2 protein chains.
Amino acid sequence: MLRRRKNKTPPLPPLCPLTECMKLLGGAWTANLVWRLSGEPRRFSELRSDIPRISAKVLSARLCALEKNGVLTRHVVASSPPSVEYALTEMGRELIPVIEAIVQVGMKLQHRVEVRPRSVPGSAPRPRARATHRT
Amino acid sequence: MLRRRKNKTPPLPPLCPLTECMKLLGGAWTANLVWRLSGEPRRFSELRSDIPRISAKVLSARLCALEKNGVLTRHVVASSPPSVEYALTEMGRELIPVIEAIVQVGMKLQHRVEVRPRSVPGSAPRPRARATHRT
DNA sequence: CTGTATCCTACAAGATACTG
DNA sequence: CAGTATCTTGTAGGATACAG
């Protein structure tokens, strides 16, 4: 009798739907970036001013990743000065409902804050140095 | 004439709706945790087996944070052995549409993978050592 | 069962400077 | 304008052990 051996190959990467989608939206600024692009295509420098606190490095990194994941396209416009336009793909547009759901909740949270502030002026918690998500 | 001085207090924390909501869902396993709780309350150990790869430390940390943020409640049941039940608050339930939107997209992504695999068996990308989001 | 307490490391993101 | 190249740092999360 041959015993059944353990399968060494990793057990079919979970492919949890939540994971799969979060892989696209994870990382600082990513969700916001998709949000900024949800209206119309934008150029690199436009995105930089849409999101003033993002660094060129991170913006570039996110755009590359999102392009690789099929969320957006990068289109070089041969003008002078040259510019590059980023636009959501069809797949990227599927993320819009997600962003909108998030924004919906976010707005309710803001409303709550307005009517019942949780924190007192003097005791502002120190801003978290490096959040995983930025917007 | 007195000149208007700059206001030193930080400029009204952005309160971007996206940020506000992501503060709740950011961090590894968080979204999945909310998902697991969206049906009915669950105990610590149940959550541990719902999400086998989460460590006690992180699970505990997430639950604390979510409780502090008003997303869930912690209820100690004086039984023997004692147990603790976690349940979404009303505010936590508002996050369910977000999770569902994410899952929707995630499922579409999976479908894509099934019908048009992007990666060949031999070249599995090395698993990212420490993802910011886990499920 | 339900957690804390430590220790450790990879990595993400910031700053800054530079290039085509 | 649209990015790279380096360097540095904080910190999130994993492992493990222990406690009420």
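Note that this is a predicted model, so its numbers are computed, not measured. Computed over heavy atoms, backbone and side chain alike; hydrogens, waters and symmetry mates excluded. Numbered from 1 within each chain, the chains take letters A, B, ... in sequence-line order.
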Decide side chain to side chain contact (heavy atoms under 4.5 Å, CB included) for B/R48 and B/L59; before the verdict, give the C-alpha distance in whole Å, the side-chain angles of both, and the deciding distance to 0.1 Å. CA-CA 8 Å; B/R48 281 194 83 170; B/L59 177 54; 3.4 Å; yes
Spacing of [X] atom [atom1] relative to [N] atom [atom2], expressed in whole Å:
X: A/R53; N: C/dA15; atom1: CZ; atom2: P; value: 9 Å
X: A/H75; N: D/dG3; atom1: NE2; atom2: P; value: 13 Å
X: A/I54; N: C/dA15; atom1: CD1; atom2: C1'; value: 14 Å
X: A/I51; N: D/dA2; atom1: CD1; atom2: P; value: 14 Å
X: A/D50; N: D/dA2; atom1: CG; atom2: P; value: 13 Å
X: B/W29; N: D/dG14; atom1: CH2; atom2: C1'; value: 11 Å

Measure the angle between the two terminal helix axes of the helix from C/dC1-D/dG20 to C/dG20-D/dC1, five base pairs each, and quote it to 10°.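 Here the local axes at opposite ends form an angle of 50°.
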Step by step, would you call B/M91 with A/L109 a side chain to side chain contact (heavy atoms under 4.5 Å, CB included)? CA-CA 9 Å; B/M91 214 197 90; A/L109 293 175; 3.6 Å; yes
Interatomic distance, [X] atom [atom1] to [Y] atom [atom2] [nearest 0.5 angstrom]:
X: A/S49; Y: A/I54; atom1: OG; atom2: CD1; answer: 11.5 Å
X: A/T89; Y: A/E67; atom1: OG1; atom2: CD; answer: 10.5 Å
X: A/K108; Y: B/C21; atom1: NZ; atom2: SG; answer: 11.0 Å

B/L47 and B/V77: same hydrophobic cluster, using ILVMFWY side-chain contacts below 4.5 Å?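 No, B/L47 does not connect to B/V77 through the hydrophobic network.
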Tell me every residue that passes side chain to side chain donor-acceptor pair (under 3.5 Å) with A/R93, counting only those two or more places apart in sequence or in another chain.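 Side chain to side chain donor-acceptor pair (under 3.5 Å) check on A/R93 returns nothing, list empty.
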Heavy-atom protein contacts under 4.0 Å, nucleotides 1-6 of chain C, coded B base, S sugar-phosphate only, - none: SSSS-B
Between B/R134 and D/dG14, is there a side-chain N or O to OP1/OP2 distance below 4.0 Å?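 For D/dG14, OP1/OP2 do have a side-chain N/O of B/R134 under 4.0 Å.
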Does the side chain to side chain contact (heavy atoms under 4.5 Å, CB included) test come out yes or no for A/V84 and A/R74, once each step is laid out? CA-CA 7 Å; A/V84 182; A/R74 178 177 182 276; 3.5 Å; yes
